[in-house]
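So the structure is just underneath, and the comments pick up after that.
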Amino acid sequence: MLIDTLDRSPLLDRLRDLFAEMDKALIAYSGGIDSTLVAKIAYDVLGDRALAVTAESPSLLPEDLEDARMQAAYIGIPHQVVQTHEMDNPNYTANPINRCYFCKSELHDTLKPLALQWGYPYVVDGVNGDDLRDYRPGIQAAKERGARSPLAELGITKLEVRELSKSLGLPWWDKPAQPCLSSRFPYGEEITIPKLQRVGRAELYLRKLGWQNIRVRSEGETARIEVLPEQVKQFVMDTDLPTLVQIFQEYGFLYVTLDLEGYRSGKLNDVLTQHPLNVSSTHS
């Protein structure tokens with residue numbers, strides 16, 4: 001599939017047709033590349049009858065919220081920010097293997113009443129076709145609350161999302177994936193606001209140094225830095241390591257390590273096949 005012909009591709013036509021069947025749609029808009037493409041197409045088809053809504057909580061970096069605001073303004077879609085309170089739910093903060101179920105439950109339990117109140121018959125998210133083949137317990141929570149996933153419905157993959165975004169001239173078509181900060185903790189370790197904040201500050205520090213595809217995994221008092229495998233050597237050579245360690249310790253970590261395997265999406269899910277953990281009794 002050629003990128004320069006994607007603006008006339010069947011995928012875009014089918015996405016547009018899907019939204020043309022909706023009178024109005026509220027987009028669960030994180031500011032990531034998937035939900036931003038959905039918001040773009042929704043606005044192109046529905047205009048002001050499409051609304052992007054971003055959930056603000058301690059698991060979202062303030063800088064990522066500002067990115068979401070900027071991207072929505074670039075697209076032109078109306079944009080609202082609402083508060084979610086997943087941190088008040090012990091099923092979430094206990095960090096079971098289905099933590100994302102409780103996160104998305106909170107999100108859609110917040111968005112669905114707002115959609116009804118504001119006259120939007122559809123709540124739409126950015127789940128893509130690849131997500132259906134990954135371990136994503138939050139998808140079930142969204143389905144139970146009636147949310148639709150246009151990208152997944154049409155089988156559009158992450159690569160195709162990037163290609164389509166590039167063909168539409170969206171400047172962030174190659175934006176790195178940035179899941180919520182709670183994904184940085186091994187299952188079973190309690191999530192707290194101070195822990196989220198120190199991980200967020202650490203990742204922001206690395207971003208400002210120019211490292212974009214990174215994770216700071218937090219396990220106990222240890223920060224484990226992940227950069228792309230091909231960048232591990234460059235990271236060691238180019239980074240002022242004593243200063244980095246000092247700054248991370250100021251953020252609250254005792255130990256700072258570098259993962260020699262490098263960044264790999266979903267790495268913390270490896271434990272699911274090696275050491276099965278209990279799922280919260282509220283939902284399986």
Side-chain angles (χ1 to χ4, degrees), residues 30-32 54-68 81-107 110 135-138 141 176-209 211-227 235 239 241 243-259 261-272 275 277-280 282:
S30 68
T54 302
E56 182 179 14
S57 76
S59 63
L60 178 70
L61 272 175
E63 290 74 15
D64 290 334
L65 177 58
E66 287 308 307
D67 279 352
V81 177
V82 299
Q83 303 291 320
T84 54
H85 304 281
E86 59 270 21
M87 293 297 294
D88 295 340
N89 185 350
N91 285 319
Y92 177 85
T93 56
N95 197 17
I97 63 173
N98 61 338
R99 178 197 69 244
C100 287
Y101 177 87
F102 302 106
C103 177
K104 296 303 182 185
S105 297
E106 169 70 12
L107 172 64
T110 301
Y135 177 68
R136 302 286 179 108
Q178 193 65 24
C180 80
L181 293 175
S182 295
S183 66
R184 311 305 193 265
F185 299 86
Y187 295 120
E189 179 175 331
E190 182 184 13
I191 296 171
T192 67
I193 291 177
K195 287 181 179 180
L196 291 170
Q197 290 174 336
R198 72 180 183 182
V199 166
R201 294 174 71 190
E203 289 198 355
L204 184 59
Y205 173 78
L206 293 175
R207 285 198 214 176
K208 288 181 176 178
L209 290 181
W211 305 97
Q212 297 303 316
N213 285 286
I214 54 97
R215 294 287 183 272
V216 175
R217 308 290 187 187
S218 177
E219 186 167 0
E221 302 306 314
T222 299
R224 188 177 77 247
I225 299 169
E226 296 177 10
V227 298
F235 183 87
T239 303
L241 296 178
T243 298
L244 183 149
V245 170
Q246 178 184 343
I247 289 174
F248 274 41
Q249 288 177 340
E250 290 173 359
Y251 293 159
F253 291 106
L254 288 179
Y255 312 105
V256 185
T257 66
L258 177 65
D259 189 323
E261 181 190 21
Y263 166 62
R264 174 167 52 83
S265 178
K267 183 178 290 190
L268 291 184
N269 285 337
D270 290 353
V271 71
L272 299 181
H275 306 287
L277 299 176
N278 290 330
V279 177
S280 169
T282 301

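Along the sequence shown, residues are numbered consecutively beginning with 1. For the numbers below, each heavy atom of this structure counts, side chains included, while hydrogens, waters and symmetry mates do not.
- Applying the salt bridge (Lys or Arg N to Asp or Glu O under 4.0 Å) criterion to Glu63, with sequence neighbours excluded, gives no partner residue.
- No side-chain heavy atom of Tyr205 sits under 4.5 Å from any side-chain heavy atom of Val216.
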Before you tell me yes or no, could you show the steps for Leu196 and Ile191 under side chain to side chain contact (heavy atoms under 4.5 Å, CB included), namely the whole-Å CA-CA distance, both residues' side-chain angles and the distance that decides it to 0.1 Å?
CA-CA 7 Å; Leu196 291 170; Ile191 296 171; 3.9 Å; yes
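- In this structure, the separation between SG on Cys100 and CG on Leu107 is 11.5 Å, given to the nearest 0.5 Å.
- Summarising the geometry, atom CG belonging to Asp259 is positioned 11.5 Å from atom CZ belonging to Phe235; distances are rounded to the nearest 0.5 Å.
- For the side chain to side chain contact (heavy atoms under 4.5 Å, CB included) with Phe253, the lone residue among Arg224, Arg198, Glu221 that qualifies is Arg198.
- In this structure, Ser218 and Val199 approach most closely via the heavy-atom pair CB-CG2, 3.6 Å.
- In terms of heavy atoms, Arg215 sits closest to Ala177 at NH2-O, 3.1 Å.
- Taken to the nearest 0.5 Å, the CG atom of Asn95 stands 8.0 Å off from the CZ atom of Phe185.
- Put simply, the side chain of Glu56 never gets that close to the backbone of Thr84: no donor and acceptor are under 3.5 Å apart.
- In plain terms, the two heavy atoms of Asn89 and Asn91 that are nearest each other are OD1-N, 2.9 Å.
- Side-chain N or O atoms of Tyr135 include one that pairs as donor or acceptor with a backbone N or O of Ile97 at under 3.5 Å.
- Residues forming a salt bridge (Lys or Arg N to Asp or Glu O under 4.0 Å) with Arg201 (at least two apart in sequence, or on another chain): none.
- More than 12 heavy atoms of other residues, nucleotides or ligands lie within 6.0 Å of CD in Gln249, so this atom counts as buried by the packing criterion.
- Side-chain atoms of Lys195 come within 3.5 Å of backbone N or O of Glu190 as a donor-acceptor pair.
- For the atom pair Ile247 CD1 and Leu209 CG, the distance stands at 7.5 Å (nearest 0.5 Å).
- Between the Thr257 side chain and the Ala223 main chain, a donor and an acceptor come within less than 3.5 Å of each other.
- Taking each heavy atom of Ser59 and Ser182 in turn, the nearest pair found is CB-OG, 3.9 Å.
- Ile214 places none of its side-chain heavy atoms less than 4.5 Å from the side chain of Ile225.
- In this structure, Glu86 CD and Thr93 OG1 are separated by 10.5 Å, a value rounded to the nearest 0.5 Å.
- The distance from atom CG of Leu206 to atom CH2 of Trp211, rounded to the nearest 0.5 Å, is 9.0 Å.
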Let's go through Met87 and Ile193 carefully: what are the C-alpha distance in whole Å and the side-chain angles of both, what is the deciding distance for side chain to side chain contact (heavy atoms under 4.5 Å, CB included) to 0.1 Å, and is it a yes or a no?
CA-CA 8 Å; Met87 293 297 294; Ile193 291 177; 3.9 Å; yes
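- Ion pair Arg184/Glu189 not flagged as a salt bridge, since none of the NZ, NE, NH1 or NH2 atoms sits closer than 4.0 Å to an Asp/Glu carboxylate oxygen.
- Heavy-atom minimum distance, Ala55 versus Leu60: O-CD2, 3.6 Å.
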Given Tyr263 and Arg217, is the side chain to side chain contact (heavy atoms under 4.5 Å, CB included) satisfied, shown in steps?
CA-CA 10 Å; Tyr263 166 62; Arg217 308 290 187 187; 4.1 Å; yes
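- Across all their heavy atoms, Leu181 and Pro58 have their closest contact at CD1-O, 4.1 Å.
- Residues Tyr92 and Ser105 have side chains not in contact (no heavy-atom distance under 4.5 Å, counting atoms from C-beta outward).
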